[in-house]
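I'd like to ask you about the structure that follows.
Just follow the structure's listing: the first ligand is 1, and inside any ligand the first atom is 1.
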Amino acid sequence: MTQSLSNKLAVVTGASAGIGMAIARRLLDAGARVVVAARRVERLRTLTEPFGERGSHRALDVTSEDSVTGFVHWVLEEHGAPDILVNNAGLARGLGPVVSASEADWREMMEANVMGLMRLTRAFLPGMLERGSGDLVQMSSIAGVQPYPNGAGYCASKAAVEAFSLALRRELVGTGVRQLVIQPGMAETEFSEVRFHGDAGRAKDVYRGVTPLSAEDIADCVCFALTRPPHVSIQTLLVTPTAQATATEVARRPS
Ligand code: 8X3
């Protein structure tokens, strides 16, 4: 037995590329009404246009409290309280030892990955609690549960997502609200290019000799969880390419 997503209202952050965009598209394909949000509005328009009134977009910078407040008011006024919140906005910046890590990189990751996710969760949870149903999708990472050398800042931000979500899960028991924490391993998106501040060559090398996950692979998993019947909660999903065992053990084909 599955649950239909038709006419459910979903909000997807970080929807201008990669995993966020793929999840938004899957939800739209499944008949949901979807509000997509990100800083790059032009890409959002292209994504939602084919779906007419079921798709709408809005600029959102999750690192800004004011931006989040304005966005939340707009969603609630224009569309009502969402049934599904996909907290996907986030990023990695830098890959190197702690001693040479950049303050700006750390701050950006903490603001987007942690504060952004917590702000959006707090804002949209009341409507779900009132209805006694709803789905939170928290984008974590394999890095949140398997910290690796040279990724301390990013791993710390995703470990914070894990701790926040675990604590929240205990608050949510008995409310009917579900929470999926998804932990992707190597997924080929803009992720590594952003991490390396636009260095495409270095980004490409991350996936050398491996068939990585695609954004669509993660979107499939999210949609599977969202379409389970209301009494079924998929709490955590660690998803890797078959060639990846842990955050650092990867079998690469010889080049
Ligand atoms: C993305 C996975 O291993 O690059 O969150 O940190 S990893």
**Study point:** More than 12 heavy atoms of other groups within 6.0 Å of R131 CZ
**Key:**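 More than 12 heavy atoms, drawn from other residues, nucleotides or ligands, come within 6.0 Å of this atom.
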Open item on the list: Under 4.0 Å from a heavy atom of A143: which atoms of ligand 1 are those, numbered in the order shown and with their elements?
Closed with: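 By the 4.0 Å cutoff, the relevant atoms are 6 (O).
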- Give a yes-or-no answer on whether the side chains of S133 and D83 include a donor-acceptor pair shorter than 3.5 Å.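 No, no side-chain donor-acceptor pair sits under 3.5 Å.
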ask   = Does a side chain donor of either Q3 or K8 reach within less than 3.5 Å of an acceptor in the other side chain?
value =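 Judged by distance alone, the side chains do pair up.
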Ligand 1 versus I142: contacting region, heavy-atom distance under 4.0 Å: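 Just the side chain.
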Worksheet item: With a 4.0 Å cut-off, would you call R208 and D205 a salt bridge?
Response: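 Counted as a salt bridge, because a side-chain N and a carboxylate O are separated by less than 4.0 Å.
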Practice item. Using distance alone, with no hydrogens and no angle criterion, decide if Q138 and Q179 have a side-chain donor and acceptor under 3.5 Å apart. Key: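 Yes.
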Exercise. N/O to N/O below 3.5 Å, does that happen between Y148 and ligand 1?
Worked result: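 Yes, at least one N or O pair falls under 3.5 Å.
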Exercise for review: Answer yes or no for G151: is there a heavy-atom contact with ligand 1 below 4.0 Å?
Suggested key: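 Outside the 4.0 Å threshold, so no.
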With a cut-off of 4.0 Å, which atoms of ligand 1 are near a heavy atom of Y154?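 Listed by number with element: 1 (C), 5 (O), 6 (O).
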Minimum-distance protein heavy atom relative to atom 4 (O) of ligand 1:
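The answer is F191 CE2, 3.4 Å.
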Examine the proximity of ligand 1 to P184 and report which part, side chain or backbone, both or neither, has a heavy atom under 4.0 Å away.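 For P184, the contact with ligand 1 is made by the backbone alone.
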N/O to N/O below 3.5 Å, does that happen between S141 and ligand 1?
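Yes - when backbone and side-chain N and O of S141 are compared with those of ligand 1, one distance drops under 3.5 Å.
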Q) What about the rings of Y148 and Y154, do their centers lie closer together than 6.0 Å? A)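 Centroid distance Y148-Y154: not below 6.0 Å, so no.
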